Q: 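To start, I am sharing the structure in question, which I have written as structure tokens.
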Amino acid sequence: MGNGRLHIPNGEDDGSEFLLGAIYTTADEYIEWAECYYEQTIQKEIVKQIYSGLPINEEMINSLNPERDAQNALMEISQLLD
């Protein structure tokens, strides 16, 4: 992996607008996006709890996505925070 300067030719898109557009600063913004994207109702209260800073737990994961292995998700979250 290099760590040099990145050269983006004039007039070319660096992709930052797309990537930054996927950052939602409020629970309501995320909920609106997620319900449209996934075409299903999202557990609003759980998303609001996560955005307020409550630790994510197995029950939250199971409520948001019953098909997801909650223990595996918690392990992945832990690795991201290390």
Side-chain angles (χ1 to χ4, degrees):
M1 177 157 76
N3 58 10
R5 291 180 169 247
L6 177 64
H7 174 71
I8 300 169
N10 287 337
E12 292 296 319
D13 182 8
D14 68 356
S16 62
E17 188 173 330
F18 170 77
L19 293 172
L20 293 174
I23 298 173
Y24 301 97
T25 57
T26 69
D28 290 329
E29 287 177 341
Y30 175 79
I31 291 165
E32 182 180 341
W33 171 83
E35 289 185 334
C36 181
Y37 184 82
Y38 293 110
E39 298 179 345
Q40 64 184 28
T41 302
I42 301 298
Q43 299 285 329
K44 293 173 179 62
E45 192 54 41
I46 293 173
V47 173
K48 289 180 180 184
Q49 290 173 356
I50 293 169
Y51 267 81
S52 74
L54 287 178
I56 298 172
N57 60 45
E58 227 176 294
E59 184 180 337
M60 290 172 162
I61 295 167
N62 289 329
S63 294
L64 291 171
N65 185 353
E67 296 176 14
R68 181 67 160 100
D69 180 326
Q71 285 295 318
N72 193 4
L74 289 170
M75 183 181 68
E76 291 172 3
I77 292 168
S78 174
Q79 290 172 347
L80 289 171
L81 299 176
D82 283 341

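Predicted model only: the values in this text are computed from it and were never measured.
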Q: Please determine if Asp28 and Lys48 form a salt bridge, counting it only when a charged side-chain N lies under 4.0 Å from a carboxylate O.
A: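 The answer is yes: the pair qualifies as a salt bridge.
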
Q: Say you draw a straight line from CG of Leu64 to CD1 of Ile56; how long is it, rounded to the nearest 0.5 Å?
A: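 Going from CG on Leu64 over to CD1 on Ile56, the span is 8.5 Å.
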
Q: For the residue pair Asn62 and Ala70, what are the closest heavy atoms and their distance?
A: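 Closest heavy-atom pair between Asn62 and Ala70: OD1-CB, 3.7 Å.
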
Q: Say whether Val47 and Tyr37 are linked into one hydrophobic cluster, either directly or through other cluster members, by side-chain heavy-atom distances under 4.5 angstrom.
A: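 Yes.
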
Q: Can you tell me if Ser78 uses its side chain to pair, donor with acceptor, with the backbone of Leu74 under 3.5 Å?
A: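 Between the backbone of Leu74 and the side chain of Ser78 there is no qualifying donor-acceptor contact (under 3.5 Å).
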
Q: Roughly how far, to the nearest 0.5 Å, is CG of Asn65 from CE of Met60?
A: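 Output value for this atom pair is 15.0 Å.
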
Q: To the nearest 0.5 Å, how far apart are CD1 in Ile46 and CG in Leu54?
A: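 Going from the CD1 atom of Ile46 to the CG atom of Leu54 covers 11.0 Å.
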
Q: Is Leu81 reachable from Ile23 through a run of I, L, V, M, F, W or Y residues, each pair having side-chain heavy atoms under 4.5 Å apart?
A: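 Hydrophobic grouping puts Ile23 apart from Leu81.
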
Q: Rounded at 0.5 Å granularity, tell me how far CZ in Arg68 sits from CD in Glu58.
A: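 Output value for this atom pair is 11.5 Å.
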
Q: Rounded to the nearest 0.5 Å, how far does CD of Glu59 lie from CD of Gln49?
A: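 Here the rounded value is 8.5 Å.
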
Q: Hey, does the side chain of Glu35 reach the backbone of Ile42 with a donor-acceptor pair shorter than 3.5 angstrom?
A: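 At least one qualifying donor-acceptor pair exists.
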
Q: Classify the ring geometry between Trp33 and Tyr30 as parallel (under 30°), tilted (30 to 60°) or perpendicular (over 60°).
A: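 It falls in the tilted class, 30° to 60°.
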
Q: Would you check, one step at a time, whether the test side chain to side chain contact (heavy atoms under 4.5 Å, CB included) holds for Met75 with Asn72?
A: CA-CA 5 Å; Met75 183 181 68; Asn72 193 4; 3.4 Å; yes

Q: Can you confirm whether Asn10 is buried at CG, in the sense that more than 12 heavy atoms of other residues, nucleotides or ligands lie under 6.0 Å from that atom?
A: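 For Asn10, atom CG is not crowded (no more than 12 foreign heavy atoms under 6.0 Å).
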
Q: Is it possible for you to say whether Tyr24 and Tyr38 belong to one hydrophobic cluster, with membership spreading through side-chain heavy-atom contacts below 4.5 Å?
A: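 They do share one cluster, since a chain of ILVMFWY contacts under 4.5 Å joins Tyr24 to Tyr38.
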
